[in-house]
**Student:** 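Pasting in a structure now, in C-alpha coordinates, and then I'll have a few things to ask.
We count ligands from 1, going down the list as the structure has it; atoms in each ligand are counted the same way. Basis for what follows: all heavy atoms, side chains included, without hydrogens, waters or symmetry-related copies.
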Amino acid sequence: MRVSSTHSGAGNPQTPHPTGTAQVPANPASPAPTAKTAGRRAEDHRHTAVTTPRRLTVLSGPSGVGKSTVVAHLRAAHPEIWHSVSVTTRHARPGEIHGVHYFFTDPEGFDKLVANGELLEWAQFAGHHYGTPRQPVLDRLVAGAPTLLEIDLQGARQVRAAMPDALQVFLAPPSWEELVRRLTRRGTEPPEVIEQRLAAARVELAAEPEFDVTLVNTSVEDVARELLNLMGLS
Ligand code: 5GP
(Lines give C-alpha, C1' and ligand atoms only; values in the text may rest on other atoms or scores of the structure.)
Protein backbone atom coordinates (compact mmCIF):
# COMPACT_ATOMS: atom_id res chain seq x y z
CA MET A 1 0.00 0.00 0.00
CA ARG A 2 1.28 3.39 -0.88
CA VAL A 3 1.06 5.82 1.98
CA SER A 4 1.95 9.46 2.10
CA SER A 5 5.68 9.20 2.11
CA THR A 6 8.87 10.23 0.49
CA HIS A 7 9.46 8.34 -2.68
CA SER A 8 12.55 8.34 -4.82
CA GLY A 9 10.80 8.13 -8.16
CA ALA A 10 13.05 5.26 -9.12
CA GLY A 11 11.70 3.21 -11.94
CA ASN A 12 10.99 6.11 -14.20
CA PRO A 13 13.47 5.88 -17.06
CA GLN A 14 13.79 9.61 -17.65
CA THR A 15 16.19 11.31 -15.30
CA PRO A 16 16.94 14.61 -16.97
CA HIS A 17 18.57 16.12 -13.94
CA PRO A 18 20.12 19.32 -15.18
CA THR A 19 23.81 19.62 -14.58
CA GLY A 20 25.11 22.59 -12.68
CA THR A 21 21.90 23.19 -10.79
CA ALA A 22 22.30 20.68 -7.99
CA GLN A 23 22.66 22.15 -4.55
CA VAL A 24 22.04 21.32 -0.94
CA PRO A 25 18.43 21.38 0.27
CA ALA A 26 16.86 24.75 0.78
CA ASN A 27 16.89 25.05 4.52
CA PRO A 28 19.88 25.01 6.79
CA ALA A 29 17.86 23.37 9.51
CA SER A 30 16.44 20.67 7.29
CA PRO A 31 16.05 17.18 8.71
CA ALA A 32 17.87 14.01 7.80
CA PRO A 33 17.91 13.87 4.02
CA THR A 34 16.19 11.23 1.95
CA ALA A 35 18.24 9.20 -0.47
CA LYS A 36 17.63 11.78 -3.16
CA THR A 37 18.43 14.86 -1.16
CA ALA A 38 21.46 13.10 0.23
CA GLY A 39 22.63 12.55 -3.34
CA ARG A 40 22.25 16.19 -4.10
CA ARG A 41 24.01 17.19 -0.93
CA ALA A 42 27.03 15.25 -2.05
CA GLU A 43 27.13 16.85 -5.47
CA ASP A 44 29.63 19.54 -6.13
CA HIS A 45 28.12 22.92 -6.78
CA ARG A 46 30.09 25.38 -8.83
CA HIS A 47 27.86 28.22 -9.91
CA THR A 48 24.91 29.80 -8.16
CA ALA A 49 22.83 32.06 -10.36
CA VAL A 50 21.17 33.94 -7.51
CA THR A 51 22.47 34.11 -3.97
CA THR A 52 19.63 33.90 -1.48
CA PRO A 53 19.23 32.39 1.96
CA ARG A 54 18.33 28.74 1.65
CA ARG A 55 14.70 28.99 2.62
CA LEU A 56 12.85 28.54 -0.61
CA THR A 57 10.69 25.46 -1.21
CA VAL A 58 8.99 24.73 -4.51
CA LEU A 59 5.92 22.48 -4.43
CA SER A 60 5.01 21.12 -7.84
CA GLY A 61 2.97 18.28 -9.29
CA PRO A 62 0.06 17.77 -11.66
CA SER A 63 -3.07 19.88 -11.58
CA GLY A 64 -5.66 18.29 -9.29
CA VAL A 65 -3.14 16.47 -7.12
CA GLY A 66 -4.01 18.66 -4.14
CA LYS A 67 -1.13 21.15 -3.88
CA SER A 68 -3.36 24.04 -2.81
CA THR A 69 -5.11 21.94 -0.17
CA VAL A 70 -1.77 20.87 1.28
CA VAL A 71 -0.51 24.45 1.34
CA ALA A 72 -3.70 25.71 3.01
CA HIS A 73 -3.44 22.96 5.63
CA LEU A 74 0.21 23.76 6.25
CA ARG A 75 -0.36 27.48 6.59
CA ALA A 76 -3.30 27.08 8.92
CA ALA A 77 -0.96 25.45 11.42
CA HIS A 78 2.14 27.47 10.46
CA PRO A 79 1.19 30.99 9.45
CA GLU A 80 4.88 31.93 9.53
CA ILE A 81 5.25 30.13 6.20
CA TRP A 82 4.92 32.66 3.44
CA HIS A 83 3.13 31.45 0.32
CA SER A 84 3.58 33.41 -2.89
CA VAL A 85 0.34 34.59 -4.52
CA SER A 86 0.63 34.03 -8.26
CA VAL A 87 -0.68 36.13 -11.11
CA THR A 88 -2.95 34.41 -13.62
CA THR A 89 -4.99 35.18 -16.69
CA ARG A 90 -7.58 32.54 -15.90
CA HIS A 91 -10.93 33.53 -14.42
CA ALA A 92 -11.55 33.23 -10.71
CA ARG A 93 -13.35 30.08 -9.60
CA PRO A 94 -16.26 30.48 -7.19
CA GLY A 95 -14.83 31.43 -3.82
CA GLU A 96 -11.46 32.56 -5.11
CA ILE A 97 -10.43 36.01 -3.94
CA HIS A 98 -8.20 38.43 -5.83
CA GLY A 99 -4.99 38.93 -3.88
CA VAL A 100 -5.57 35.84 -1.74
CA HIS A 101 -5.75 32.90 -4.13
CA TYR A 102 -4.38 34.69 -7.18
CA PHE A 103 -3.93 38.12 -8.64
CA PHE A 104 -6.29 37.87 -11.61
CA THR A 105 -5.31 39.88 -14.66
CA ASP A 106 -5.90 40.01 -18.40
CA PRO A 107 -3.37 38.85 -21.02
CA GLU A 108 -2.18 42.43 -21.63
CA GLY A 109 -1.53 42.98 -17.94
CA PHE A 110 0.34 39.69 -17.76
CA ASP A 111 2.46 40.54 -20.81
CA LYS A 112 3.47 43.82 -19.17
CA LEU A 113 4.67 42.00 -16.06
CA VAL A 114 6.76 39.69 -18.25
CA ALA A 115 8.15 42.58 -20.30
CA ASN A 116 9.10 44.50 -17.16
CA GLY A 117 10.89 41.48 -15.68
CA GLU A 118 8.52 41.45 -12.72
CA LEU A 119 8.00 37.69 -12.70
CA LEU A 120 10.45 35.26 -11.18
CA GLU A 121 9.06 32.56 -13.44
CA TRP A 122 6.00 32.13 -15.59
CA ALA A 123 4.30 29.50 -17.70
CA GLN A 124 1.42 28.85 -20.02
CA PHE A 125 -0.79 26.13 -18.60
CA ALA A 126 -4.04 24.77 -20.06
CA GLY A 127 -4.67 27.91 -22.09
CA HIS A 128 -3.80 30.48 -19.43
CA HIS A 129 -0.73 32.20 -18.07
CA TYR A 130 0.55 31.89 -14.53
CA GLY A 131 3.51 33.62 -12.91
CA THR A 132 5.23 34.35 -9.61
CA PRO A 133 5.81 38.02 -8.75
CA ARG A 134 9.55 38.33 -8.26
CA GLN A 135 10.05 41.08 -5.68
CA PRO A 136 7.85 39.72 -2.86
CA VAL A 137 9.71 36.40 -3.02
CA LEU A 138 13.12 38.07 -2.89
CA ASP A 139 11.96 40.28 0.02
CA ARG A 140 10.80 37.27 2.04
CA LEU A 141 13.98 35.34 1.35
CA VAL A 142 16.14 38.26 2.44
CA ALA A 143 14.02 38.54 5.59
CA GLY A 144 14.68 34.83 6.22
CA ALA A 145 11.05 33.73 6.03
CA PRO A 146 10.24 30.14 5.05
CA THR A 147 8.89 30.67 1.56
CA LEU A 148 6.74 28.35 -0.50
CA LEU A 149 5.98 28.44 -4.22
CA GLU A 150 3.18 26.27 -5.57
CA ILE A 151 3.80 26.12 -9.29
CA ASP A 152 3.73 23.85 -12.34
CA LEU A 153 6.62 21.91 -13.84
CA GLN A 154 7.69 24.64 -16.26
CA GLY A 155 7.91 27.12 -13.41
CA ALA A 156 9.74 24.66 -11.19
CA ARG A 157 12.37 24.23 -13.90
CA GLN A 158 12.85 27.99 -14.22
CA VAL A 159 13.25 28.37 -10.46
CA ARG A 160 15.71 25.45 -10.41
CA ALA A 161 17.84 27.21 -13.01
CA ALA A 162 17.71 30.62 -11.32
CA MET A 163 17.74 29.53 -7.68
CA PRO A 164 19.46 26.18 -7.35
CA ASP A 165 19.37 26.40 -3.55
CA ALA A 166 15.60 25.89 -3.55
CA LEU A 167 14.28 22.56 -2.35
CA GLN A 168 12.11 21.06 -5.07
CA VAL A 169 9.27 18.85 -3.88
CA PHE A 170 7.01 16.84 -6.18
CA LEU A 171 3.50 16.01 -5.03
CA ALA A 172 2.30 12.81 -6.73
CA PRO A 173 -1.18 11.27 -6.77
CA PRO A 174 -1.63 7.79 -5.29
CA SER A 175 -2.52 6.59 -8.80
CA TRP A 176 -3.43 7.90 -12.23
CA GLU A 177 -7.06 6.89 -11.68
CA GLU A 178 -7.19 8.88 -8.48
CA LEU A 179 -5.82 11.98 -10.22
CA VAL A 180 -8.49 11.68 -12.93
CA ARG A 181 -11.12 11.28 -10.24
CA ARG A 182 -9.94 14.34 -8.30
CA LEU A 183 -9.73 16.55 -11.38
CA THR A 184 -13.17 15.49 -12.54
CA ARG A 185 -14.84 15.58 -9.14
CA ARG A 186 -13.64 19.13 -8.53
CA GLY A 187 -16.21 20.25 -11.10
CA THR A 188 -14.47 23.56 -11.71
CA GLU A 189 -13.42 22.94 -15.32
CA PRO A 190 -15.31 21.91 -18.47
CA PRO A 191 -14.43 18.52 -20.02
CA GLU A 192 -12.06 19.96 -22.65
CA VAL A 193 -10.05 21.78 -19.97
CA ILE A 194 -9.91 18.61 -17.88
CA GLU A 195 -8.49 16.85 -20.97
CA GLN A 196 -5.86 19.59 -21.35
CA ARG A 197 -4.93 19.27 -17.69
CA LEU A 198 -4.69 15.48 -17.92
CA ALA A 199 -2.41 15.79 -20.95
CA ALA A 200 -0.20 18.18 -18.97
CA ALA A 201 -0.33 15.79 -16.01
CA ARG A 202 1.24 12.99 -18.07
CA VAL A 203 4.19 15.26 -18.85
CA GLU A 204 4.46 16.41 -15.23
CA LEU A 205 4.39 12.86 -13.85
CA ALA A 206 7.20 11.83 -16.20
CA ALA A 207 9.33 14.65 -14.76
CA GLU A 208 9.11 13.41 -11.17
CA PRO A 209 12.76 12.23 -11.08
CA GLU A 210 13.93 15.83 -11.59
CA PHE A 211 12.75 16.69 -8.11
CA ASP A 212 14.65 16.37 -4.84
CA VAL A 213 11.88 14.47 -3.15
CA THR A 214 8.42 13.11 -3.92
CA LEU A 215 5.49 13.06 -1.52
CA VAL A 216 2.54 10.85 -2.41
CA ASN A 217 -0.71 12.57 -1.55
CA THR A 218 -2.67 9.87 0.19
CA SER A 219 -3.41 12.08 3.16
CA VAL A 220 -3.25 15.87 3.42
CA GLU A 221 -2.16 15.64 7.06
CA ASP A 222 0.70 13.25 6.30
CA VAL A 223 1.95 15.25 3.35
CA ALA A 224 1.80 18.50 5.31
CA ARG A 225 3.78 16.87 8.12
CA GLU A 226 6.40 15.59 5.67
CA LEU A 227 6.65 18.98 4.04
CA LEU A 228 7.14 20.67 7.39
CA ASN A 229 9.96 18.22 8.12
CA LEU A 230 11.57 18.96 4.80
CA MET A 231 11.32 22.68 5.47
CA GLY A 232 12.96 22.18 8.83
CA LEU A 233 9.91 23.52 10.67
CA SER A 234 8.59 20.54 12.57
P1 5GP B 1 -5.09 26.28 -11.31
O2 5GP B 1 -5.66 26.90 -12.55
O3 5GP B 1 -5.61 24.90 -11.10
O4 5GP B 1 -5.18 27.15 -10.11
O5 5GP B 1 -3.51 26.10 -11.59
C6 5GP B 1 -3.05 25.39 -12.72
C7 5GP B 1 -1.60 25.03 -12.54
O8 5GP B 1 -0.80 26.20 -12.51
C9 5GP B 1 -1.33 24.30 -11.21
O10 5GP B 1 -0.45 23.22 -11.46
C11 5GP B 1 -0.65 25.36 -10.37
O12 5GP B 1 0.24 24.81 -9.44
C13 5GP B 1 0.09 26.13 -11.42
N14 5GP B 1 0.46 27.48 -11.00
C15 5GP B 1 -0.17 28.28 -10.13
N16 5GP B 1 0.49 29.44 -9.99
C17 5GP B 1 1.59 29.34 -10.78
C18 5GP B 1 2.69 30.21 -11.04
O19 5GP B 1 2.82 31.31 -10.52
N20 5GP B 1 3.62 29.77 -11.91
C21 5GP B 1 3.53 28.54 -12.52
N22 5GP B 1 4.53 28.21 -13.35
N23 5GP B 1 2.52 27.71 -12.29
C24 5GP B 1 1.56 28.10 -11.43
Side-chain angles (χ1 to χ4, degrees), residues 56-75 82-107 109-114 116-138 140-141 147-163 166 168-173 176 179-208 210-211 214-215 217 220 223 227:
L56 182 60
T57 302
V58 172
L59 181 64
S60 197
S63 167
V65 76
K67 300 185 294 288
S68 307
T69 309
V70 167
V71 171
H73 190 82
L74 200 63
R75 294 198 63 237
W82 184 77
H83 172 232
S84 166
V85 178
S86 298
V87 183
T88 185
T89 58
R90 83 151 163 75
H91 296 300
R93 292 177 185 138
E96 284 186 332
I97 299 165
H98 180 79
V100 175
H101 299 95
Y102 279 107
F103 294 107
F104 297 97
T105 186
D106 55 18
F110 195 94
D111 288 349
K112 269 189 208 148
L113 293 174
V114 173
N116 293 339
E118 290 183 52
L119 299 181
L120 181 63
E121 60 73 34
W122 63 275
Q124 184 161 9
F125 183 90
H128 294 289
H129 286 93
Y130 298 80
T132 303
R134 180 191 302 277
Q135 199 55 48
V137 174
L138 298 183
R140 291 321 188 286
L141 291 175
T147 298
L148 194 56
L149 306 184
E150 184 231 300
I151 57 180
D152 86 326
L153 172 65
Q154 306 162 72
R157 285 176 171 161
Q158 292 168 50
V159 174
R160 190 179 303 142
M163 298 170 135
Q168 296 244 346
V169 180
F170 188 84
L171 190 61
W176 174 256
L179 183 68
V180 174
R181 208 172 62 81
R182 288 183 191 182
L183 254 179
T184 313
R185 187 185 54 192
R186 196 158 76 173
T188 48
E189 275 83 29
E192 63 274 17
V193 174
I194 291 177
E195 280 309 314
Q196 280 181 310
R197 287 176 180 246
L198 286 173
R202 290 186 193 279
V203 176
E204 305 224 15
L205 288 172
E208 180 194 325
E210 293 178 24
F211 288 79
T214 295
L215 302 177
N217 193 8
V220 174
V223 168
L227 203 48

**Student:** Tell me, which residues have any heavy atom less than 4.0 Å from some atom of ligand 1?
**Tutor:**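 Lys67, Ser86, Arg90, Arg93, Tyr102, Glu121, Ala123, Phe125, Tyr130, Gly131, Thr132, Glu150, Ile151, Asp152, Gly155, Arg186, Arg197.
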
**Student:** Just so I know, are the side chains of Val87 and Trp122 near enough to count as touching, which here means a heavy-atom distance under 4.5 Å?
**Tutor:**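 Sidechains of Trp122 and Val87: no contact.
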
**Student:** Test side chain to side chain contact (heavy atoms under 4.5 Å, CB included) on Arg157 and Gln154 and set out the steps.
**Tutor:** CA-CA 5 Å; Arg157 285 176 171 161; Gln154 306 162 72; 5.9 Å; no

**Student:** Are the side chains of Val70 and Leu215 in touch, meaning some heavy atoms are under 4.5 Å apart?
**Tutor:**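 Not in contact.
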
**Student:** Any heavy-atom pair between the side chains of Ser84 and Pro133 that's under 4.5 Å?
**Tutor:**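 The answer is yes, as the side chains (C-beta and beyond) meet within the 4.5 Å cut-off.
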
**Student:** Decide yes or no for Glu195 and Leu198: does some side-chain heavy atom of the first lie under 4.5 Å from some side-chain heavy atom of the second?
**Tutor:**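 Of all side-chain heavy-atom pairs linking Leu198 with Glu195, at least one is under 4.5 Å.
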
**Student:** Say whether, by atom type as modelled, one donor and one acceptor occur between the side chain of Thr88 and the main chain of His129 under 3.5 angstrom.
**Tutor:**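 Such a contact is found between Thr88 side chain and His129 backbone.
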
